[in-house]
**Q** 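The structure follows.
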Amino acid sequence: MPKTWRDCPLCQPNRPCCHQRGFSFPFPFPFILSTCLYIDTISAKYRTHQNSHHQEYSYIFFGTLLSDRAFTEQKMAKLCSTNPTPVKTRLILCTILSTVSILATLVSSAVANNVSYDRRSLIINGQRKLLISASIHYPRSVPAMWPGLVQTAKEGGVDVIETYVFWNGHELSPDNYYFGGRYDLVKYVKIVQQAGMYMILRIGPFVAAEWNFGGVPVWLHYVPGTVFRTDNEPFKHYMQKFVAFIVDLMKQEKLFSSQGGPIILAQVENEYGDMERNYGDGGKRYALWAANMAVSLNTGVPWIMCQQYDAPDRVINTCNSFYCDQFTPNSPNKPKMWTENWPGWFKTFGGRDPHRPPEDVAYAVARFFQKGGSLQNYYMYHGGTNFGRTSGGPFITTSYDYDAPIDEYGLPRLPKWAHLKDLHRAIKLCEHALLNSEPNLLSLGPLQEVDVYAEPSGACAAFIANMDDKNDKIVQFRNMSYHLPAWSVSILPDCKNVVFNTAKVGSQTSKVEMVQENLQPSSPSVDGDIKGLQWEIFVEKAGIWGEADLVRNGFVDHINTTKDTSDYLWYTTSFHVGEDEEFLRDGNQPILIVESKGHAVHAFVNQKLQATASGNDSVSTFKLQSPISLKAGNNEIALLSMTVGLQNGGPFYDSVGAGLTSVQISGFNNGPKDLSIVNWTYRIGLEGEHLGIYKADGLSSVKWISTSEPPKEQPLTWYKAIVNAPPGDEPIGIDMIHMGKGLAWLNGEEIGRYWPRKSSKHDECVQQCDYRGKFSPNKCSTGCGEPSQRWYHIPRSWFKPSGNILVVFEEKGGDPTEIRFSRRKTTGFCAIVSEDHPTFKPESLDQDGTQDYKNNVIVQLKCPINTRVSTVKFASFGTPSGTCGSYTTGDCHDPRSNSVVEKVCLNKNKCTVELTEESFNKGLCPGTIKKLAVDAICN
C-alpha cells in the first residue's frame, strides 16, 4: 500500500495526471489509496497480452474520479485505437469504469469545495486554478438547448459557465416571482453542475447586457422616490431583497461551491465604476453599500465587481474590455480577472454586422495570460436570442448572436470556436508554470517581448509576443529563432517548442447556409403547394379602439404611460380644415412635422398610413417631415408611437423617456397649425395584444377572416396560419425579409420583434478583415446596405410535428406569402494550413519526463453528423490564395493535391490530412513555405 498519494503509480510527479494537469483531489486520502490499489488489482487481472494498456484503464478511471472529461476522453480514444485487449475483457472493464464514473460524479457533487484567492488566482481546495469561462445567458436560449450549449462550451476547452441573473424576468411585480421556462435558473445551474463545470453567477441585479431596462423591473421606477443605482433607500431595499432571494434560492439547492455546488464566484452590481462619479457622494456610498451587502450574505465564495475601481478589500475588482492584459487589480492581494472579453459585438436595427477576427480574440486572450491573468470570460460565448420584447438599447436586434464562438442557433462558429479551443489547450499546458512562478520579462525588439515562467523544478513556459501591428518579425530566444506574424503571440509550454500561434488559424471554416422551406399547411392542398396555405387575418383600427386610457392637453411620456406593458401607444386628435385652404385646390400637400424623443412612429391620417420615421442606436430622437393628404372638414390624425427596447444603461438611464414632443402641420393659409397644445386621446397597446390573440386561449377573441390570398402591404394587420414543422433536425429561422416591422409568435411563444431595416450603403464595410491592430466594433463590419436582421430564430423545441400556430402582427405592410422557414445547415467546409503551422498531438503528454511537440502538420476536417464529404471542390498544396469559396492555385501547385485529399476524405464524415513527404511533393518551390487549401461539400 502506498504511504502517500505521491507513491501511487498513477501520480508520480512526472505524470501528466498530477504534474501537467494540476489535479486537486476532492476525496479523503484513504479513498485515493484504495483506488490506486483497486486499479492495480483490476489491471493485473486483465493484463494478459495488453503490455502497458492496463495503465490506460487506470488513467480513465482516475480521470472520471477527478471529473476531468477531456483527460478521460483522450485516454479512452488512445485505448480504443491501439488496445488489442479481447472485446469481452474490454466490455467488463468499461462496465466497471462506467459504474465508478457515475458513483464518482455523485460523490464529487456532494463534496464541498473551499474557494479562496491570492494575488495570483482563485484557489479551489487549496490549489490555484487557471480558468477559461464562457457567458451563456439562460433566457437567451431555451431549456432544450442548454445541455448542448454547455457541452459544446466544455468541448471547446471551457471550465466555467457565466451568466447574469435577469431581475425583470424573475420578479414580474413586487414579490411575484417566476422561475419557469427560459427563466428556470436552478435547472440551468444544475445542468452546468452535471457537466462537471464551474459557474460564475453575476447577480447584479443591474446587468446592462443590451437587455430591456438593464434587467431592472420597470415597476421599480414607479415606486415613489426611487432613483436607480445610487444611495437611494427604495432602490437599495428592493435590490437587497432580490439579491438575498437569489442567494437563498441557490443555498436551498446547495449550488454554491461551499455546499458542493458549481458556483465559485458571485457578482454584485455591474460596470458601476464609470457611472459612479455621475452620482457624486451618493454613488460612492452606494458602491460600498452594495459590496458590503453582498459579502454579508455569506455565500462561502468570493464576490466580484467588474469595472469597479474602488472595490473594497473583500471584493475582487475585474476588467471588461476588448483587451485586459494591462489591467491591474486595485489591491496586490487580488488576482487578475477578466469578466468580459468581447469576441464580437451586438447588432442594432439599421446597423451593420460587426465581426471580430478569431486571430485578434486569441491574441487578446494569450496576452492576458502572458501578463499574469488567471481567469478569462468570453462575453458572449453564445449570445443567443432576445426573444419577445427583452432586447434593450434601444434598437438592439432580436438576434444577440454577438459573433460568438457558438452562434445564435447553437452551432459552433468555425474557425473561431476551434481556434480558441486550440488556444485553451495550449494555455492549459502552461497552467502550473503560470500559476506557480514569477514572470521574467525580456525584450526581443522594439515591439517584441517574451514573458518566461520558470519553476525551480525546471518546468518552464514562455509567451513570445509581437505587438507590431504591421510587420512579421523573427526573434531570437534561448539560442533559437522564432518567426512571429504581426500582432501575434506564440505559446511555448516547454520554453522551446511553439504549440500555438494566435495568428495561425489551422481549423476549418464551416460553410453555413439558410436553406429555405415553404410554409407547409397542416392540411395541404392536393398539389401541396404553398398556395394551399390558408391564412386568417384581423385588422386593427388606426387610433383609439375601445375606451380611451386618458385624455390630456399636450403630450405624455410614452414610457411613463405604458410602463412598458406594450411597445405601442396611440396619440390621437382631430382638427378642422376649412374649404378655403389653398392646398385643397392647388395640389400642394401640407407637411406633417412630428418630433419625438424616440423611438419610432407611424403616422395615420384619416385611417391611412401616411409616413413612418424612427431614431437609431446613436440618437433615439428624430423628426418626421412628410406631405400628407387632408380633406375639407374634420380630419383625424393617429400617431402610433413605438419603443424598440428600453434604455439599458448610462447615468440616470431610468429617467430617459420616449414619445412625441411636438406635432405641427405646415401649409395652411394662416401659417403652421400647432397641434402640440391641443387635447390628445391616448390608448395603450393594440387590441390584439389586449385580447391575447397570439395565444391559444385568446385566438377566438376576435373574428378572423379566412383567405388563401392574404392582403399585402396592409398596415396594422394580424396574420395567422397553421403550419407543419420544417423537415430535419437543423435549427430554424423564420425569413421576414419581405415584411415591414412588427412582432411574431409560434404556438404562443414570443419569437420577438422583426424589422428588416437596412443599414446605410454609405457606411464603411470590409470584404476581408485585417486582424492586425486594436479592434473596435466598427473595424470589421459587413452588411452595408443590407437588412440588419433577416432571419429570426425559432427553437426546434417550440415546434409540434403539425398544427403549429404562427401569428404575425405587421405594423406598416408586407407580403406574408413570402414568409419562409429556413433551416440553418452546414453544407461544407474550407481549410488552409501552412506547413510551418504549430501542431502537437495529445499523446505527446504521455511520455515520462519529457514531451515532444514536434509532429507533422495535419488538417482535420469534419462534416456535420449524418453527412459525409461528397465532393472535394478544390485542393492545392503549394501557394494557393483566396478565401473560403474562392481559392485559386498559385504558381506553386502539387497536381496530386486533389487526389490525395479525395483518397483520405471522400465519403467520410471526418478525416485527417497529413502534410507529409509521402502525401505531397514538399520539394516543390524550394525556400517557399507551402500551404494546403481544401474546399469540400458535405452531403
Side-chain angles (χ1 to χ4, degrees), residues 134-138 140-158 161 191 195 343-344 346-347 353-358 361 378-387 397-422 424 505 507-517 725-735 751 782 789-799 821-831 860-869 884-885 909-910 936-939:
S135 290
I136 303 176
H137 295 161
Y138 55 101
R140 281 177 159 145
S141 54
V142 294
M145 294 175 64
W146 293 343
L149 293 171
V150 170
Q151 187 57 42
T152 302
K154 185 169 185 175
E155 291 171 359
V158 169
I161 299 297
I191 285 171
F346 54 83
K347 285 201 295 186
D353 196 2
H355 302 278
R356 188 179 182 191
V361 181
Y378 296 103
Y379 183 101
M380 300 293 296
Y381 195 79
H382 165 72
T385 307
N386 294 314
F387 295 111
T397 55
T398 300
S399 170
Y400 199 63
D401 180 84
Y402 222 89
D403 197 37
I406 303 176
D407 73 14
E408 177 181 5
Y409 295 81
L411 302 179
R413 172 171 276 112
L414 300 176
K416 183 174 282 186
W417 178 86
H419 190 53
L420 296 177
K421 175 182 178 178
D422 292 342
H424 303 156
V505 179
S507 51
Q508 72 182 44
T509 298
S510 290
K511 294 189 287 187
V512 181
E513 298 178 11
M514 298 299 287
V515 180
Q516 285 198 347
E517 299 285 343
D729 59 1
E730 299 94 344
I732 298 299
I734 186 169
D735 185 354
I751 298 170
T782 62
Q789 186 172 355
R790 174 175 179 172
W791 291 280
Y792 299 79
H793 181 209
I794 307 179
R796 271 283 182 181
S797 61
W798 288 2
F799 283 95
F821 289 138
S822 297
R823 293 182 292 135
R824 190 165 181 83
K825 187 173 182 178
T826 300
T827 58
F829 56 74
C830 299
Q860 294 181 313
L861 305 169
K862 185 177 181 180
C863 287
I865 296 173
N866 298 324
T867 65
R868 298 182 178 188
V869 176
C884 183
N909 172 257
K910 58 183 178 180
I937 297 174
C938 298
N939 232 323

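Computed from a predicted model, the values in this text were never measured in an experiment.
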**Q** Nearest 0.5 Å please: distance from the CG atom of D401 over to the OH atom of Y409.
**A** 8.5 Å
**Q** How far does CD1 of I406 sit from CG of L411, to the nearest 0.5 angstrom?
**A** 9.5 Å
**Q** List for me each residue that meets ring-ring contact (aromatic ring centres under 6.0 Å, His included) alongside Y402, sequence neighbours excluded, and say none if there are none.
**A** Y379, Y400
**Q** Determine the minimum heavy-atom distance between I136 and A153, stating which atoms define it.
**A** CD1-CB, 4.2 Å
**Q** Which heavy atom in P727 sits nearest to a heavy atom in E730, and how many Å separate them?
**A** O-OE1, 3.9 Å
**Q** Judged by atom type as modelled, is there a donor-acceptor pair below 3.5 Å linking the side chain of D735 to the main-chain atoms of W791?
**A** no
**Q** In Å, rounded to the nearest 0.5 Å, how long is the span from OG of S507 to CG of L420?
**A** 8.5 Å
**Q** Counting only heavy atoms not in R868, do more than 12 fall under 6.0 Å of its CZ?
**A** no
**Q** With sequence neighbours left out, what residues match Y378 under ring-ring contact (aromatic ring centres under 6.0 Å, His included)?
**A** Y381, H424
**Q** Looking only at the side chains, is there a donor atom on one of S399 and Q789 sitting less than 3.5 Å from an acceptor on the other?
**A** no
**Q** Has the side chain of E517 got a donor or acceptor atom that lies under 3.5 Å from a matching backbone atom of R823?
**A** no
**Q** Let me confirm one number: the CD1-CD1 distance from I732 to I794, rounded to the nearest 0.5 Å.
**A** 8.0 Å
**Q** Listed by chain and number, what are the salt bridge (charged side-chain N to carboxylate O under 4.0 Å, His left out) partners of R140, not counting sequence neighbours?
**A** none
**Q** I'd like to know whether the aromatic ring centres of F387 and W798 sit less than 6.0 Å apart in this structure.
**A** yes
**Q** With a 4.5 Å heavy-atom cut-off, do T385 and T398 have their side chains touching?
**A** yes
**Q** I'd like to know if the side chain of N386 reaches the main chain of T397, judged simply by a donor and an acceptor atom lying under 3.5 Å from each other, with no hydrogens or angles considered.
**A** yes
